[in-house]
Colleague: 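What follows is a single structure, and I will ask about it in a moment.
Below, chains carry the letters A, B, ... as their sequence lines are ordered, and counting in each starts from 1. Being a predicted model, the structure only gives us computed values, none of them experimental.
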There are 2 protein chains.
Amino acid sequence: MGHQVTIKDIARHLNISVATVSRAMRDMPEIKPETREAVLKLAKEWDYQPNILATSLVKSRTKTIGVIVPDLAYHFFASVIKGIEEEAIARGYSLLLTQTRELYERELTNVQNLSRGQVEGFIISLSQETTDFEHLKRLQRKGIPVVFFDRDAGEIDVTKVMVDNVNAAFEATNHLIDNGCKRIAFLAGPASVTVSNQRQTGYLQALNHAGLEVDKSLIVHGNYNLQKIIELTNYLFELQNPPDGLVVVSDRLAVGAIKALKAKNIRIPEDVAIVSFNDEPVCTIVSPSLTSVAQPTTEIGKMATSLLISQIENSTIQYNPEVIILKTELKVRESSMKIK
Amino acid sequence: MGHQVTIKDIARHLNISVATVSRAMRDMPEIKPETREAVLKLAKEWDYQPNILATSLVKSRTKTIGVIVPDLAYHFFASVIKGIEEEAIARGYSLLLTQTRELYERELTNVQNLSRGQVEGFIISLSQETTDFEHLKRLQRKGIPVVFFDRDAGEIDVTKVMVDNVNAAFEATNHLIDNGCKRIAFLAGPASVTVSNQRQTGYLQALNHAGLEVDKSLIVHGNYNLQKIIELTNYLFELQNPPDGLVVVSDRLAVGAIKALKAKNIRIPEDVAIVSFNDEPVCTIVSPSLTSVAQPTTEIGKMATSLLISQIENSTIQYNPEVIILKTELKVRESSMKIK
DNA sequence: CTGAAAGCGCTTACAG
DNA sequence: CTGAAAGCGCTTACAG
């Protein structure tokens, strides 16, 4: 069999019309039992699979959601995708997964490709480079539903599923303060990343709230480059008055900082207590285990999907974008359990 | 505009036929320049995107590859996918990414869904549960090209892109022996995982080759459960005659073992030297940094894609499945640098 | 219970 | 240089 089996092949072989085959395949009640049996039997024998392109075309529905994330290799996104997938499968939708590798260009082509009739809506977390939102506004103008998560684009009025990073950082910093830290440093991400800035705000609020002095020299900006993290950590702990607490913008950076601290024989948590964000698996594996703010990744994914699907399925109703803020949870582990 | 703009809308508005619009959109040379201009101008103005379902249907080509991996959250797979994506984009193909979460059922439905006319070929790494290969044989019978990587399915005669796990483990174990280890333990994965067994074989070969005695009590089987790893590590190092070298089947397990060793105040590498597999980012971040066998993930992805595409594009030619074995590389770091 | 016909949004010989 | 027609693999009123 050179080509895939079609409805036509079956119809011809059974001497019936394609319409009847189509109906029998979908178990429509009006079909005579014997006809249905014959069709199903042959379909099975020939391993017939309905061509989903044809079905989608005629129905003008793909029941498919386009998902665009910065990088599948980031544990956070892989984890949110699990939630998206669960909800999508449960609701009978498929996923088209794409990554931008943090490139605006890729984001643009991904959006364009997927909007060629392939998907009915988008779940998007923006690339770091993205500052122009025209491609997303275009989707809105066409009436294609979009839901954002994690990375924000303040400008655009769409449904968003977020966590309160400011509050999460406030609580994490407070936790250090409660454990007796007086001089708390903040190891941030690049200054261009919204999430990092939000966490910095929460950190500052906690200091103010506790009446602790803010020392700008304790706020430093790193990235995924390990060497850079080591340098920044060394800088902080070679200050004449080094910190006794450290808030790190993500686990990956925190693990790098721990490495640098060990090399300097600075004890964790005795000399410095540490909290970070994301609660990746590495937090429990590393030594000392790392206190971290867990995001409800599965729930973010499910919620985003559920909201998107209701937009898709109620497309005639005027839709009011909403912003959902989900709760984070501080997972306390060894790195912050200072004996007071 | 309630629906997406189609070729018909443009044709009607410009008073020309859809055939002409179709030709103009694709820059066919026979179209009169003014006609082309007019079409392109309106297409841009209306943000027309050709419906890819329709195009695929009429061309009987989707230029899409189905990718099925156990879990996108495993760094290894995310990393191979980068390679797949690079090559696919370069060759003008798109990807349909799916994960099985190590479930046979999911693998089955993923294969079925994607073979409904959506993809022209598959790149697959099998789920741990998969022991029945009927779904893959069905693809073969239909003449749909398939390329395997990483997880093997010995039974099936398809193109495979693999690494030589036996040899990699042989070299890794030899490295410990060269560094003076005499009693080397092997922390394996579940006994059902081929990759783990291959590595165990290499480990045994190295011991034999060096004339070291094989002690079965030094071979233990763990999984991703941290508590289990800690117990196994404790068991090994509470033996009357504990190991001085440790080969671990993957980085994630190795980091757990390191944690357990530290808790017991066993020094790495002085008391025990460690090597593991995959060379995930955590290897450089952890302390001490972890010696690990790097797999050429990008190359695996590119190679698999390239081989698949040549099968797709030469589908008339009788294709001989080939097995590609790529080289691994031992990245030596602190965990194994014992001073002899 | 079944079939003929029209149509989903495109492409492509064929004719002019 | 352009258009009418057929067709990709389906679904769905409509008629019988």
Colleague: What's the shortest heavy-atom distance between B:Ala78 and B:Leu72, and which atoms?
Modeller: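 Closest approach of B:Ala78 to B:Leu72, heavy atoms only: CB-O, 3.8 Å.
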Colleague: Could you walk me through whether A:Met25 and A:Arg36 pass the side chain to side chain contact (heavy atoms under 4.5 Å, CB included) test, one step at a time?
Modeller: CA-CA 7 Å; A:Met25 285 304 301; A:Arg36 188 205 325 286; over 6 Å; no
Colleague: Donor-acceptor check, side chain of A:Ser310 to backbone of A:Ser306, threshold 3.5 angstrom: yes or no?
Modeller: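 Indeed, once roles are kept as given, a pair shorter than 3.5 Å links the two residues.
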Colleague: Atom NZ of residue position B:Lys302 - does it have more than 12 heavy atoms of other residues, nucleotides or ligands inside 6.0 Å?
Modeller: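 No, the 6.0 Å shell around NZ holds no more than 12 heavy atoms from other groups.
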Colleague: On DNA chain D, compare the nucleotides closest to A:Ile7 and B:Lys32; which residue's is nearer the 5' end?
Modeller: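 So the residue in question is B:Lys32.
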Colleague: Identify, residue by residue, the members of residues 109-116 of chain B with a heavy atom below 4.0 Å from DNA chain C, and return them in order of residue number, or none.
Modeller: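 Within this stretch, nothing sits under 4.0 Å of the strand.
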Colleague: Salt bridge check, A:Glu102 against A:Arg151: does any charged N sit closer than 4.0 Å to a carboxylate O?
Modeller: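 Yes, A:Arg151 and A:Glu102 are salt-bridged.
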Colleague: Can you give the dot-bracket line for DNA chain C, using ( ) for pairs inside the strand, [ ] for pairs that cross earlier ones, | for pairs with another strand and . for unpaired bases, where Watson-Crick and G-U count if both distances are under 3.5 Å?
Modeller: |||.||||||||.|||
Colleague: Dump the intermediate steps for side chain to side chain contact (heavy atoms under 4.5 Å, CB included) on B:Phe133 and B:Leu126, then the final yes or no.
Modeller: CA-CA 10 Å; B:Phe133 305 112; B:Leu126 294 178; 3.7 Å; yes
Colleague: When you compare C:dC10 with D:dC1, how far apart are their P atoms, in angstrom units rounded to a whole number?
Modeller: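 It works out to 24 Å between them.
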Colleague: Just to be sure I understand the rule, does A:Ile52 reach a base, reach only the sugar-phosphate, or reach nothing, if contact means heavy atoms closer than 4.0 Å?
Modeller: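 Result for A:Ile52 = nothing.
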Colleague: Once you apply a heavy-atom cut-off of 4.0 Å, does B:Ser56 come out as touching a base, just sugar-phosphate, or nothing?
Modeller: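 Touches nothing.
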Colleague: Is the closest side-chain heavy-atom distance between A:Ile65 and A:Ile309 below 4.5 Å?
Modeller: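 Side-chain contact under 4.5 Å: yes.
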Colleague: Determine, for A:Glu86 against A:Lys82, whether the closest basic-nitrogen to carboxylate-oxygen distance falls under 4.0 angstrom.
Modeller: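 A salt bridge is absent here (no side-chain N lies under 4.0 Å from a carboxylate O).
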Colleague: Looking at every heavy atom in both A:Met162 and A:Asp150, which two are closest together, and how far apart are they?
Modeller: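 In this case the closest contact between A:Met162 and A:Asp150 is SD-O, 3.4 Å.
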Colleague: Would you kindly compare A:Ala54 and B:Val18 by the position of their nearest DNA chain C nucleotide and give the one closer to the 5′ end?
Modeller: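 The answer here is A:Ala54.
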Colleague: First and last nucleotide of DNA chain C touching chain B, 5' to 3', heavy-atom cut-off 4.0 Å?
Modeller: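 Both ends considered, the range comes out as C:dC8 to C:dC14.
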Colleague: Can a side-chain donor-acceptor contact be found between A:Ser79 and A:Thr297 if the only test is distance below 3.5 angstrom?
Modeller: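 Result is yes, a qualifying pair exists.
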Colleague: Take B:His135 and B:Tyr104 through the test ring pair (Phe, Tyr, Trp, His ring centres under 6.0 Å) and record every step on the way to the result.
Modeller: CA-CA 10 Å; B:His135 55 307; B:Tyr104 168 71; 5.5 Å; yes
